[in-house]
Q: 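Questions regarding the structure given below will be posed in turn.
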Amino acid sequence: MKKKCVAEIKDRDLVEAVFLVKEKIVAMAKNGKPYLTLKLMDKSGEVDAKVWDNADQVGALFDRNDFLSVRAKASVYLGKMQLIVSELKKVPEETVDLADFLPETNRDINSMVEELHALIAGVKDPDLSRLLSSFFHDPELLAQYRVAPAAKGMHHVYLGGLLEHSLAVAKLVDAMVPLYPGLNRDLLIAGALLHDVGKVREMTYLRCFDYSDEGKLIGHITIGVEMLHERITALPGFPAELAMLLKHMILSHHGQYEYGSPKRPKTLEATILNYLDDLDSKINGIRTHIRKEPDNPSRWTSYHRLYDRYFFKENGLSEEEQDLAPEACLEPSELLPQTVAAPVPPPAGAPEQGAPRRERTDAPRGGQERKSFSNNPFAALKNGRE
């Protein structure tokens, strides 16, 4: 039976479909014969593939980021699905819809943008409010921020991942601020939304996710601080110390030098941002690693190179609960209630006012259909327009 997308492929299936080439490697067998190792993808996932015969001639027909029409036989090898390719040919780009080949968030991007603006509206500090509005009321910046992935391979590796991750960190901020009096909630929200903003220029995502030249040479942390400095410079009277605190949060959010952090966190808010960013990224990364091996019968995942370990997949839930479709599963950040910022004591003699209650902005998920990729500004990005 022929299958149309990666997620549907089962052991021993005959596959005939079009895929995007994510990786292409020429390797050498023990007998000295060259072969091709490919990673093919569509929006439902990715799968390894092998071309054993005529590797040199076949490999000359296409490159990474090309589209291929593939005929292959599926088989499970060492717990992972792979395709043994018998035929392939390059497919012209104009004959395919790119939206069918890149993974995207399961959340509705328009709803997340509304949530983003609600968070900004809830920031009481006038300077941070001006700064966040400068970033996210800029149509060009917002078009990039809402569609960019959060990383190439570690976590939230899909279109909309940057926005989803940033909102999750912001929700974690609102979950813990009431537990620790004296925290600067507005500064933490600004840090949550801006800590990875440099990834809109660090990453390329009009094909397979990769790093831009600027990303490889400078990196999203430095890019983010540059973007922050440019916006602050354009805001008259922005407090120098507040700018310094926010820049420090971006510079230190990776936590340690060995993790690419130019500075280690040296304020309470910077330390919190580091841990919340790490928490959300690891939860997403581990979940993604577990979900991408549906054909692995073991109770343990395969080895995760970046985390340097295997993961035990059982957690006490029934099989029915574990088999929920990804779009029906809530991320931990979506389960957190909207909380009220810690109240700031009024000046002496001022009348007491209760802290305003922030309305929950999550769209109801019951019966909600997964939104199509056409809701995203991808076409405008591809054409270089807003």
Side-chain angles (χ1 to χ4, degrees), residues 20-26 37-41 43 46 59-60 62-68 90 93-94 96 98-99 101-105 134-136 138-166 193-234 247 249-263 277 281 285 305-306 376-386:
L20 175 61
V21 181
K22 181 177 181 180
E23 294 179 7
K24 173 189 172 186
I25 299 173
V26 179
T37 293
L38 309 176
K39 191 174 290 292
L40 306 176
M41 65 179 293
K43 70 183 304 178
E46 51 189 58
F62 67 94
D63 290 308
R64 183 176 178 270
N65 282 329
D66 283 340
F67 297 95
L68 295 181
K90 185 177 176 179
E93 176 185 346
E94 57 270 18
V96 302
L98 186 58
F101 296 90
L102 295 178
E104 59 172 320
T105 175
S134 171
F135 272 98
F136 298 114
D138 179 338
E140 182 178 355
L141 186 281
L142 182 60
Q144 297 171 321
Y145 188 85
R146 62 180 278 162
V147 76
K152 180 183 176 182
M154 191 71 152
H155 66 95
H156 298 84
V157 189
Y158 40 77
L159 297 171
L162 174 60
L163 175 57
E164 181 182 314
H165 169 58
S166 300
L193 298 180
L194 295 176
H195 74 283
D196 275 344
V197 70
K199 289 185 176 180
V200 301
R201 285 163 42 183
E202 180 188 47
M203 304 287 296
T204 61
Y205 36 91
L206 297 182
R207 280 291 185 280
C208 298
F209 302 154
D210 206 343
Y211 295 104
S212 64
D213 292 340
E214 185 180 19
K216 292 176 181 177
L217 293 174
I218 301 176
H220 76 276
I221 293 178
T222 303
I223 295 170
V225 173
E226 289 179 349
M227 293 173 68
L228 179 63
H229 182 74
E230 291 168 1
R231 300 277 173 171
I232 288 176
T233 301
K247 288 178 181 179
M249 293 176 75
I250 295 178
L251 286 169
S252 65
H253 78 266
H254 278 196
Q256 300 294 330
Y257 300 136
E258 57 265 35
Y259 298 149
S261 196
K263 302 297 290 184
D277 173 48
S281 65
R305 180 177 59 84
L306 294 175
N376 300 336
F378 187 78
L381 285 174
K382 181 178 179 182
N383 295 325
R385 305 189 302 270
E386 158 46 28

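Everything numeric here is computed off the predicted structure, so don't read it as measured data.
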Q: Among residues at least two apart in sequence or on other chains, which ones pass ring-ring contact (aromatic ring centres under 6.0 Å, His included) with Phe135?
A: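 Phe135 satisfies ring-ring contact (aromatic ring centres under 6.0 Å, His included) with no other residue.
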Q: Looking only at atom types and distance, does a side-chain atom of Ser261 sit under 3.5 Å from a main-chain N or O of Tyr257, one as donor and one as acceptor?
A: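 No, Ser261 side chain to Tyr257 backbone: no donor-acceptor pair under 3.5 Å.
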Q: Give the C-alpha distance, both sets of side-chain angles, the deciding distance and a yes or no for side chain to side chain donor-acceptor pair (under 3.5 Å) between Thr105 and Glu164.
A: CA-CA 8 Å; Thr105 175; Glu164 181 182 314; 2.5 Å; yes
Q: Suppose we screen for side-chain contact (heavy atoms from CB on, under 4.5 Å). Which residues come up paired with Val157, at least two apart in sequence or across chains?
A: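 Applying side-chain contact (heavy atoms from CB on, under 4.5 Å) to Val157 gives Phe209.
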Q: When rounded to the nearest 0.5 angstrom, what distance separates OH in Tyr158 from NE2 in His165?
A: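 Answer rounded to 0.5 Å: 10.0 Å.
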Q: For Ser166, check side-chain hydrogen bond (donor to acceptor under 3.5 Å, both in side chains) against everything at least two apart and list the hits.
A: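 Ser166: side-chain hydrogen bond (donor to acceptor under 3.5 Å, both in side chains) contacts with Tyr145.
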Q: Hey, are the side chains of Arg64 and Cys208 touching, using non-hydrogen atoms and a 4.5 Å cut-off?
A: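 Side chain of Arg64 against side chain of Cys208, heavy atoms only: contact under 4.5 Å found.
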Q: Restricting to salt bridge (Lys or Arg N to Asp or Glu O under 4.0 Å), what partner residues turn up for Asp196, sequence neighbours left out?
A: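 Residues passing salt bridge (Lys or Arg N to Asp or Glu O under 4.0 Å) with Asp196: Lys199.
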Q: Leu217: what forms a side-chain contact (heavy atoms from CB on, under 4.5 Å) with it, not counting sequence neighbours?
A: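 Checked Leu217 against side-chain contact (heavy atoms from CB on, under 4.5 Å); zero matches.
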Q: Just verifying a value: how many Å separate Ile25 CD1 and Leu38 CG, rounded to the nearest 0.5 Å?
A: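 It is 9.0 Å, given to the nearest 0.5 Å.
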Q: Could you report the tightest heavy-atom contact between Gly215 and Glu202, atom names first, then the distance?
A: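 Where Gly215 meets Glu202 most closely, the heavy atoms are CA-CG, 3.6 Å.
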Q: Are any of the side-chain heavy atoms of His220 and His254 separated by less than 4.5 Å?
A: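 Yes, at least one pair of side-chain atoms sits under 4.5 Å.
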Q: Which atom names give the shortest non-hydrogen contact between Phe101 and Val96, and what distance separates them?
A: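 Closest approach of Phe101 to Val96: CE1-CB, 3.9 Å.
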Q: Could you state the interatomic distance from CG (Leu306) to NE2 (His155), rounded to the nearest 0.5 Å?
A: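 Rounded to the nearest 0.5 Å, the CG-NE2 separation comes to 11.0 Å.
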Q: Can you give me the closest heavy-atom contact between His253 and His195, atom names plus distance?
A: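 Scanning both residues, the minimum pair turns out to be CE1-O, 3.1 Å.
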Q: How would you list, by chain and number, every residue that makes a salt bridge (Lys or Arg N to Asp or Glu O under 4.0 Å) with Asp138, sequence neighbours excluded?
A: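 For Asp138, the residues satisfying salt bridge (Lys or Arg N to Asp or Glu O under 4.0 Å) (neighbours in sequence not counted) are Arg231.
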Q: Tell me, please, which residues at least two apart from Asp213 pass side-chain contact (heavy atoms from CB on, under 4.5 Å).
A: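 In terms of side-chain contact (heavy atoms from CB on, under 4.5 Å), with neighbours along the sequence ignored, Asp213 is linked to no residue.
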Q: With a cut-off of 6.0 Å (strictly less than), are more than 12 heavy atoms of other residues, nucleotides or ligands near NZ of Lys263?
A: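 It does not: Lys263 NZ has 12 such atoms or fewer within range.
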Q: Holding to salt bridge (Lys or Arg N to Asp or Glu O under 4.0 Å), I want the full list of residues that pass it with Lys24, two or more places apart in sequence or in another chain.
A: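 Only Asp63 meet the salt bridge (Lys or Arg N to Asp or Glu O under 4.0 Å) criterion with Lys24.
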Q: Please name all residues satisfying side-chain contact (heavy atoms from CB on, under 4.5 Å) with Lys247, sequence neighbours left out, ordered by chain then number.
A: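 By the side-chain contact (heavy atoms from CB on, under 4.5 Å) rule, Lys247 matches Val225, Leu228, His229.
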Q: Could you pull out all residues at least two apart from Phe62 that satisfy ring-ring contact (aromatic ring centres under 6.0 Å, His included)?
A: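 ring-ring contact (aromatic ring centres under 6.0 Å, His included) check on Phe62 returns nothing, list empty.
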Q: Measuring from Tyr205:OH to Leu102:CG, what's the distance to the nearest 0.5 Å?
A: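 Spacing of OH (Tyr205) from CG (Leu102) equals 12.0 Å.
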Q: Quick one: OG on Ser252 to CD1 on Ile221, what's the gap to the nearest 0.5 Å?
A: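 Separation between the atoms: 8.5 Å.
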Q: Are Leu40 and Val21 side-chain neighbours, meaning at least one heavy-atom pair lies under 4.5 Å?
A: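 Answer yes - side chains close enough.
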Q: With sequence neighbours excluded, what pairs up with Glu226 under the salt bridge (Lys or Arg N to Asp or Glu O under 4.0 Å) test?
A: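 Glu226: salt bridge (Lys or Arg N to Asp or Glu O under 4.0 Å) contacts with Arg201.
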Q: Output the distance between atom CZ (Arg146) and atom CG (Leu159), rounded to the nearest 0.5 Å.
A: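 Going from CZ on Arg146 over to CG on Leu159, the span is 11.5 Å.
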Q: List for me each residue that meets side-chain hydrogen bond (donor to acceptor under 3.5 Å, both in side chains) alongside Thr37, sequence neighbours excluded, and say none if there are none.
A: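 Per chain and number, Thr37 pairs via side-chain hydrogen bond (donor to acceptor under 3.5 Å, both in side chains) with Lys50.
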